Every structure is written in structure tokens, then in C-alpha cells.
Number of protein chains: 2
Amino acid sequence: MSDQRLQQQIAFALEIDRLKTVLRRTAITDRSRQENSAEHSWHVAMMALLLAEYAPPGLDVGRVVRMLLVHDLVEIDAGDTFCYDADAVAGQAAREAQAAARLFALLPADQAAELRALWDEFEARQTPEARFARALDCLQAVLLNVNTGGHSWRRHGVSRRQVRERVQLIADGAPALWPLVEGWIEDAAAKGWIGP
Amino acid sequence: MSDQRLQQQIAFALEIDRLKTVLRRTAITDRSRQENSAEHSWHVAMMALLLAEYAPPGLDVGRVVRMLLVHDLVEIDAGDTFCYDADAVAGQAAREAQAAARLFALLPADQAAELRALWDEFEARQTPEARFARALDCLQAVLLNVNTGGHSWRRHGVSRRQVRERVQLIADGAPALWPLVEGWIEDAAAKGWIGP
């Protein structure tokens with residue numbers, strides 16, 4: 001193992017510490033502050049372990065976990081994009097592609113390709129693993145919202161229609177979890193946490 | 001899949017959100033605040049992916065990642081124990097065992113046993129996977145310390161002897177990474193970040 005290789009890996013390990021400073025719109029459950037993207041990534045990776053049995057049969061859970069660990073790294077440069085902000089979403093792909101190009105290039109080429117492939121797979125949402133990972137990413141945000149009085153929904157005036165469109169990611173990638181989520185959303189609508 | 005089973009899993013997913021409020025002694029690299037145990041768990045799981053090639057041959061990296069995702073859950077009840085605080089370390093095992101008993105019991109029995117087994121394995125440090133995971137847990141703290149001017153070492157007056165004793169975990173579980181760490185510690189000592 002060359003010393004330069006290890007130095008690159010350590011430099012990358014240090015660089016990704018910055019994901020802890022990227023804030024999301026969701027609040028953590030005690031409502032004391034916004035969630036950051038590093039702790040969110042841990043939470044959703046844990047949910048992959050907890051909810052693996054609801055994934056389509058034959059799915060590689062280890063790959064789901066790895067995908068979820070790396071899925072938000074690009075936010076170090078690109079920032080978190082609020083999924084209900086249409087203007088921000090319009091430039092998201094270009095911002096994140098640029099971020100991926102810079103960040104993964106810090107690693108030795110083989111490892112850069114490996115992590116980049118995980119991120120590309122997550123983004124493309126073609127494989128069952130990517131679709132399940134994306135469903136959990138969405139589910140985690142809904143879980144925090146319904147347990148913080150609809151914190152980010154209310155703050156940003158999100159409508160029931162917008163939420164229902166968004167959570168199609170869950171119906172698509174984790175259909176077994178859909179009835180649960182549908183119940184949460186109807187309940188949130190009844191409580192007035194999301195607009196009509 | 002019974003509804004009750006899923007409700008237990010979701011209740012657990014919600015409960016573990018609290019790990020985001022458990023603060024460690026280490027600072028994140030921009031030195032703006034202390035690190036919390038949820039984002040630390042993500043960081044060290046990422047380091048397992050990045051540094052897997054330095055593990056003893058034949059090791060199950062997926063198991064290392066799962067172990068690192070769950071290794072600090074008990075801190076939700078037991079708090080983070082600073083490894084250089086002898087008084088706190090004395091009561092740590094009892095506090096954490098009590099925490100594990102309460103927390104994992106929130107889950108369906110089969111899953112409680114599975115996560116508990118991962119945590120027990122990490123703590124016992126007998127398998128190559130547990131020893132490598134523990135080495136990375138220690139390495140991550142050292143990495144943050146040497147990149148924040150020895151933040152927690154200086155703040156708590158930690159000596160070179162204490163650090164060298166502690167990092168035996170790295171020499172033991174990830175010997176290939178030991179020369180790197182040894183260099184960092186000698187450098188930190190030369191800079192006066194750790195006492196004699």
C-alpha cells in the first residue's frame with residue numbers, strides 16, 4: 001500500500017467531515033435545531049438495517065447501506081436542496097455533478113470510481129437497491145416531519161398535493177411501507193400541517 | 001408483516017434520533033462546535049468503506065459497517081463517556097448495559113437480538129471485525145484531534161502516555177494503519193498538543 005494512496009484516503013476522510021455543517025430543512029425530534037446531512041445519512045442507513053424486510057426480495061441490503069452513506073456527500077459543495085423549492089431543484093443536478101467531480105477526485109482512482117458509481121446508482125434510481133434507498137431517504141424526512149408537528153412543511157407552506165407527489169418515491173421503492181406513509185400524510189393534512 | 005411489528009420498528013427509528021443530541025468531546029474540523037454521536041457514527045462507517053483494504057484479509061466489511069452504525073446507540077441513555085476520564089469510564093459498562101437493555105427491547109425480539117449481538121461483538125473486541133471497527137472508532141477521534149489543534153486533548157490535559165495507551169486499539173485492530181497514527185501522535189507531542 002503506497003503512502004500516497006493512504007494520504008489521499010485520509011484527506012478524503014477529513015474533507016467529508018464538512019457534511020456535518022450542511023443543514024437540512026427538517027428539525028430533529030426535540031425541535032432544538034435543524035438536522036445536518038451527516039447525521040441524516042447515519043439515520044437513514046440505520047433505517048435500512050431496521051426496515052430491510054420491507055424491501056423487494058433478493059435486494060442487497062449492504063449495497064443500500066453503502067449508497068445511503070455516500071448519497072449526500074455532494075452537498076458538501078452543492079448544499080442541501082429542499083425538494084419543494086422548484087427554483088433550487090432546477091439547478092440541483094448541475095451543482096451536484098460538479099461537486100461529485102471535485103470530491104471523488106480526491107480519492108485514488110479505483111475508489112473514486114467505486115463511490116461515484118454508488119452515487120450515480122442512487123441518483124439514477126433504476127436498480128431495486130437505489131429505489132429502496134431513495135424511498136428510505138424520503139421516508140426519514142416524512143418521519144421527522146410528522147414527529148415535529150410538520151416542522152418544515154408548515155414553515156415552507158407545503159401542500160398535500162406536493163407531499164403526495166414527493167412520497168411517490170416511497171410507493172415506488174418500498175411499496176410495502178406505502179400504507180403506513182399514506183396514513184401519516186392523511187393525518188398531517190387533517191391536523192392542518194400541510195396545505196390543501 | 002404485522003402492523004405491530006412495523007410500529008415497533010418505526011418507534012425505534014424515532015427513538016434513535018436522540019443520538020443526534022449526544023455530544024462528544026471532539027470538535028468538528030471547522031471547530032465551530034462539538035461533534036455529536038450520530039454524525040460520528042456516520043463518519044466512522046464511511047471510514048470503514050474508505051479504509052477496508054487495511055483490514056486483516058477475509059474480514060466482513062459489511063459487518064464492520066453495521067457494527068459501527070449501532071456502536072454508540074447506548075449513549076442515548078448512557079451519554080458519551082470520555083475515554084480519558086477514569087471516573088466516568090469506571091461506571092461506563094453498567095450504564096451502557098442498562099441502556100442496551102431498554103433500547104433494544106423497543107424492537108421485535110429477533111431484531112433486538114440481532115442489533116444487541118452487533119453491539120456485544122463490538123464491545124467484546126474478540127472478532128477481527130470488532131477489533132477493526134474499534135480501531136476505526138479510535139482513529140476517527142485522533143483524526144479530528146490532530147486536525148483541530150488537539151482540541152479535546154488540550155482542553156482536558158491529556159498526556160502523551162494516555163494517548164499512546166488508548167491508540168493501542170489501533171495497533172491491535174488495524175496494524176497497517178499504526179505507523180500513520182504513530183506519526184500523528186509524535187507530531188502532536190512535538191507541537192505541545194498533548195502533555196509529556
Side-chain angles (χ1 to χ4, degrees), chain A residues 1 3 5-10 12-21 28-30 32-33 35-54 60-63 65-66 68-70 72-73 107 111 114-115 118 139-140 143-144 146-147 176-177 179-180 184, chain B residues 1 3 5-10 12-21 28-30 32-33 35-54 60-63 65-66 68-70 72-73 107 111 114-115 118 139-140 143-144 146-147 176-177 179-180 184:
Chain A
M1 230 70 76
D3 191 53
R5 181 173 174 86
L6 179 55
Q7 291 301 336
Q8 285 179 295
Q9 291 161 326
I10 293 293
F12 187 83
L14 200 56
E15 176 71 11
I16 65 174
D17 184 75
R18 293 173 57 204
L19 194 61
K20 299 168 190 170
T21 66
I28 62 172
T29 54
D30 72 359
S32 61
R33 62 170 174 82
E35 189 189 33
N36 73 59
S37 293
E39 62 196 3
H40 156 75
S41 298
W42 165 78
H43 201 179
V44 72
M46 274 299 306
M47 287 174 68
L49 298 189
L50 294 171
L51 302 173
E53 67 199 78
Y54 305 96
D60 177 351
V61 181
R63 189 162 183 87
V65 168
R66 290 196 300 280
L68 287 168
L69 289 174
V70 307
D72 272 346
L73 284 176
L107 283 168
Q111 228 166 13
E114 190 191 321
L115 265 62
L118 282 170
L139 179 67
Q140 190 264 357
L143 178 71
L144 289 193
V146 297
N147 286 284
L177 295 170
L180 174 80
W184 288 348
Chain B
M1 228 71 73
D3 191 53
R5 180 172 173 87
L6 179 54
Q7 291 301 337
Q8 285 180 294
Q9 290 161 326
I10 293 292
F12 187 83
L14 200 56
E15 175 71 12
I16 65 174
D17 184 75
R18 294 173 56 204
L19 194 61
K20 299 168 188 169
T21 65
I28 62 172
T29 54
D30 72 359
S32 60
R33 60 171 176 82
E35 189 188 32
N36 72 60
S37 293
E39 63 196 2
H40 156 75
S41 298
W42 165 77
H43 201 180
V44 71
M46 275 299 305
M47 286 173 69
L49 298 189
L50 294 171
L51 302 174
E53 66 199 79
Y54 304 97
D60 177 352
V61 181
R63 189 161 183 89
V65 168
R66 290 196 300 280
L68 287 168
L69 289 174
V70 307
D72 272 346
L73 285 175
L107 283 169
Q111 228 166 16
E114 189 190 321
L115 265 62
L118 282 170
L139 179 66
Q140 191 264 356
L143 179 70
L144 289 192
V146 296
N147 285 283
L177 295 170
L180 174 79
W184 288 349

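Just so we're clear, the structure is a prediction, and the values are computed from it rather than from any experiment. Chain letters run A, B, ... following the sequence lines, proteins first and then strands; every chain starts at 1.
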dist B:I16:CD1 -> A:T29:OG1 (nearest 0.5 Å) comes out at 10.5 Å

Report the C-alpha separation of A:R66 and B:V65 in whole Å, then their side-chain angles, then the decisive distance to 0.1 Å, and conclude whether the side chain to side chain contact (heavy atoms under 4.5 Å, CB included) test is met.
CA-CA 9 Å; A:R66 290 196 300 280; B:V65 168; 5.8 Å; no

Pairs of heavy atoms under 4.5 Å with chain B: top-ranked of A:S41, A:G62, A:P179:
A:S41

Just checking, is any N or O donor in the side chain of A:K20 or B:H40 under 3.5 Å from an acceptor N or O on the other one?
no

Could you pull out all residues at least two apart from A:E15 that satisfy salt bridge (charged side-chain N to carboxylate O under 4.0 Å, His left out)?
A:R18, A:R102

Where the side chain of A:H43 meets the backbone of B:A13, is there a donor-acceptor pair that is under 3.5 Å apart?
yes

With A:E39, which residues qualify under salt bridge (charged side-chain N to carboxylate O under 4.0 Å, His left out), at least two apart?
A:R33

Is there side-chain contact between A:V44 and B:W42, with at least one heavy-atom pair below 4.5 Å?
no

If you measure from CZ on B:F12 to CE on A:M47, what distance do you get to the nearest 0.5 Å?
12.0 Å

A:L6 side, atom CG; B:L180 side, atom CG - distance, nearest 0.5 Å
5.0 Å

Measure A:E114 against the heavy atoms of chain B and call it side chain, backbone, both or neither at under 4.5 Å.
neither

Indicate yes or no: at least one non-hydrogen side-chain atom of B:W184 is less than 4.5 angstrom from one of A:I10.
yes

Give a yes or no on whether the backbone of B:L50 and the side-chain of A:Q111 come within a donor-acceptor separation of less than 3.5 Å.
yes

Is the backbone N or O of B:I28 less than 3.5 Å from a side-chain atom of A:D17, with the two atoms forming a donor-acceptor pair by type?
no

Kindly compute the distance separating CE (A:M46) from CG (B:L115), expressed to the nearest 0.5 Å.
5.0 Å

